[in-house]
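Here the structure is a predicted model, which means the values were calculated and not measured.
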Amino acid sequence: MSQKKSVIFKKLLPVIKQYQAEGYTHEKIVELLKTSHALDLVTVKTFKSYLYRYASKDQIVNPVMSTSAPIPNTRRTIKKSAKLENVCYDIRGPILRAAVEMEEQGHKIIKLNIGNPAPFGFEAPQEIINDVAINLPNAIGYSDSKGIFPARKAVFQYYQQKGLFNVDVNDIYIGNGVSELIVMAMQGLLDNGDEMLVPMPDYPLWTAAVNLSGGQAIHYKCDEQNGWYPDIADIESKITANTRGIVVINPNNPTGAVYPRHILEQIVALARKHDLIIFADEIYDKIVYDGIEHIPMSTLASDVLCITFNGLSKSYRIAGFRSGWMMVSGDKSRAKDYIEGLDMLASMRLCANVQAQYAIQTALGGYQTINDLVKPGGRLYEQRNIAWEMLNEIPGVSCVKPEGALYCFPRLDPNMYPIEDDEAFMLNFLRAEKVLLVQGTGFNWPTPDHFRVVFLPAEGELREAIKRLDRYLASLR
């Protein structure tokens with residue numbers, strides 16, 4: 001470069017520093033120097049060379065010598081990543097923040113927004129607590145990145161008992177809850193523009209994880225008129241050349257549907273036909289009512305790659321332990337590269353919290369106390385019935401009876417309640433009646449006519465909350 005360009009460069013150092021402070025890339029600065037200041041540095045490499053030679057020596061030209069306009073002393077706004085623009089999680093969103101503010105002002109809020117059993121008096125099995133405590137001295141260091149052997153062996157044997165035999169211990173990954181593993185599975189698979197079929201409504205972490213990973217969540221319809229079961233024709237109509245997999249949440253959050261065998265077999269057939277991966281979220285597999293059987297998707301998909309997610313948060317009432325697992329089964333022969341990616345991501349976070357891993361073997365092998373809660377007379381069973389019956393008694397409210405999980409997903413008759421913004425509706429209800437619910441659009445339902453009710457509170461509080469909902473809706477009729 002000529003001496004003239006170097007002189008111009010030195011005079012423009014204040015401008016360059018301002019561009020850097022505003023977050024411009026080197027490529028953009030080179031472009032601006034050419035278009036706005038008649039300085040053609042040609043390449044970024046040349047620009048970096050001049051920065052090193054002049055800026056590092058603090059050879060800042062005297063402002064009197066510069067012909068450039070003075071640069072205002074501004075500081076750039078720190079913004080969230082653009083990757084978060086299509087990510088939301090309204091279960092802990094703006095309405096919860098409003099509820100917290102109200103609590104700080106002294107109001108008592110009935111919270112029906114999150115499936116967290118412990119605060120509602122659902123105690124974890126004491127045997128699990130004891131075994132974790134006894135093993136604390138063994139949990140001080142890192143474990144294998146996939147988890148401790150006894151925990152993975154217990155998960156492996158759990159699925160053997162259900163009739164799955166094409167997995168081994170190395171196919172099991174222990175995670176800090178299922179949430180971490182869902183994000184890991186999506187990050188390890190999706191490139192920009194890839195599509196993932198996700199149920200509508202869904203547990204919103206799935207949509208968020210897909211979008212955060214650069215993919216696009218394509219929502220398939222679950223049919224309220226057919227027990228909230230997936231609409232198979234709608235699923236197939238949305239499969240494209242970019243589709244990588246199908247997410248199945250069973251038992252379903254937020255609807256409480258438990259899918260029968262013929263529905264699951266049709267989904268497996270679609271995955272087989274279109275060469276898709278099945279992602280089976282089965283965290284509520286033990287929380288089923290009325291003698292309904294939960295069928296693990298992995299047992300139906302021996303020739304299709306299936307990634308199963310489960311854990312201890314709900315069935316064993318230890319959500320705070322963050323202890324979950326992911327299992328790879330089915331046709332693994334063509335997935336070696338993807339599995340290598342999962343291994344890499346597991347290693348990058350070193351390991352899941354080791355203390356909670358010691359809960360898994362005890363939980364899966366011991367007496368299943370959840371069975372007492374979901375049978376007739378059990379607390380979850382009775383509270384499910386109370387919530388479902390009371391909601392359906394409210395004029396203009398209808399609710400499909402949940403077959404599993406911890407939630408009702410009732411519908412508001414749009415002719416009786418012409419709601420345009422269901423988030424605003426939930427916020428107004430919170431302020432009026434001190435009850436916290438989550439709007440249906442927070443679960444990626446397309447119309448503002450549903451909401452989710454958690455039926456974990458004890459009977460008295462649950463009845464009171466639904467009575468307040470009835471009273472508030474009466475004021476709108």
**Report entry** SB check Arg468 Glu464 (cutoff 4.0 Å)
**Finding:** yes
Requested in this report: Indicate whether any N or O donor in one side chain lies under 3.5 Å from an N or O acceptor in the other, for His450 and Gln439.
Outcome: no
Query raised in the report: So, Tyr173 versus Trp325, ring centres under 6.0 angstrom or not?
Result: no
**Report entry** NZ/NE/NH1/NH2 to OD/OE distance under 4.0 Å, Arg379 and Asp372
**Finding:** no
Query raised in the report: Quick one: does Gln187's side chain have a donor or acceptor within less than 3.5 Å of a partner on Ser213's backbone?
Result: no
Report task. For salt bridge (Lys or Arg N to Asp or Glu O under 4.0 Å), just list the numbers for Asp171 and Lys332, CA-CA rounded to whole Å, side-chain angles, deciding distance to a tenth of an Å, and then say yes or no. Result -> CA-CA 10 Å; Asp171 294 318; Lys332 293 171 281 187; 2.7 Å; yes
Query raised in the report: At what distance, to the nearest 0.5 angstrom, does NE2 of His294 lie from NZ of Lys286?
Result: 10.5 Å
Report task. Determine yes or no for a side-chain-to-main-chain donor-acceptor pair under 3.5 angstrom, with Tyr220 supplying the side chain and Val247 the backbone. Result -> yes
Report task. Drop me the distance from Leu430's CG to Ile95's CD1, to the nearest 0.5 angstrom. Result -> 7.5 Å
Query raised in the report: Is a side-chain donor or acceptor of Thr25 paired with a backbone partner of Lys28 at a separation under 3.5 angstrom?
Result: yes
Report task. Please check if the side chain of Gln383 supplies one atom and the backbone of Pro457 the other of a donor-acceptor pair under 3.5 Å. Result -> yes
Query - Between Tyr229 and Asn250: side-chain donor-acceptor atoms closer than 3.5 Å - result: no
Query raised in the report: Given Lys111 and Glu461, is the salt bridge (Lys or Arg N to Asp or Glu O under 4.0 Å) satisfied, shown in steps?
Result: CA-CA 10 Å; Lys111 295 179 179 177; Glu461 191 171 43; over 6 Å; no
Query raised in the report: Do Lys314 and Asp285 meet the salt-bridge criterion of a basic N to acidic O distance under 4.0 Å?
Result: no
**Report entry** Distance (rounded to the nearest 0.5 Å) between Asp413 CG and Leu473 CG
**Finding:** 11.5 Å
**Report entry** Lys/Arg N to Asp/Glu carboxylate O, Arg244 vs Asp191, below 4.0 Å
**Finding:** no
**Report entry** Tyr417 side-chain N/O to Asp449 backbone N/O, donor-acceptor pair under 3.5 Å
**Finding:** no
Query - Spacing of CG belonging to Leu436 relative to CG belonging to Asn113, to within rounding of 0.5 Å - result: 4.0 Å
Query raised in the report: Between the side chain of Thr362 and the main-chain N/O of Ala359, is any donor-acceptor distance below 3.5 Å?
Result: no
Requested in this report: Check Asn116, Ile128, Ile370, Leu312 against Arg317 for a side chain to side chain contact (heavy atoms under 4.5 Å, CB included) and give me the one that passes.
Outcome: Ile370
Query raised in the report: Taking the six-membered ring for Trp, is the centroid-to-centroid distance between Tyr284 and Tyr407 below 6.0 Å?
Result: yes
Query raised in the report: Does the ring center of Trp206 lie less than 6.0 Å from the ring center of Phe309?
Result: yes
Query raised in the report: Counting N and O atoms only, with roles assigned by atom type, does the side chain of Glu403 sit under 3.5 Å from a partner on the main chain of Val258, one being a donor and the other an acceptor?
Result: yes
Requested in this report: Take the angle between the ring planes of Trp445 and Phe409 and call it parallel below 30°, perpendicular above 60°, tilted in between.
Outcome: perpendicular
**Report entry** Basic-acidic side-chain contact under 4.0 Å: Arg349, Glu180
**Finding:** yes
Query raised in the report: Would you call Asp290 and Tyr381 a side-chain contact if the rule is heavy atoms closer than 4.5 Å?
Result: yes
Query raised in the report: Within the side chain of Glu420, is there an N or O that forms a donor-acceptor pair under 3.5 Å with the backbone of Pro448?
Result: no
**Report entry** Spatial distance of atom CD (Gln266) from atom CG (Asp231) [nearest 0.5 Å]
**Finding:** 10.0 Å
Query raised in the report: Is a side-chain N or O of Gln361 found less than 3.5 angstrom from the main chain of Ala151, in a donor-acceptor match?
Result: no
Query raised in the report: Is the shortest distance from a Lys or Arg side-chain nitrogen in Arg334 or Asp275 to a carboxylate oxygen in the other one below 4.0 Å?
Result: yes
Query raised in the report: Is it true that the side chains of Asn444 and Asp202 contain a donor and an acceptor less than 3.5 Å apart?
Result: yes
Query raised in the report: If only atom types and distance count, is the side chain of Gln355 paired as donor or acceptor with the main-chain N or O of Phe321 below 3.5 Å?
Result: no
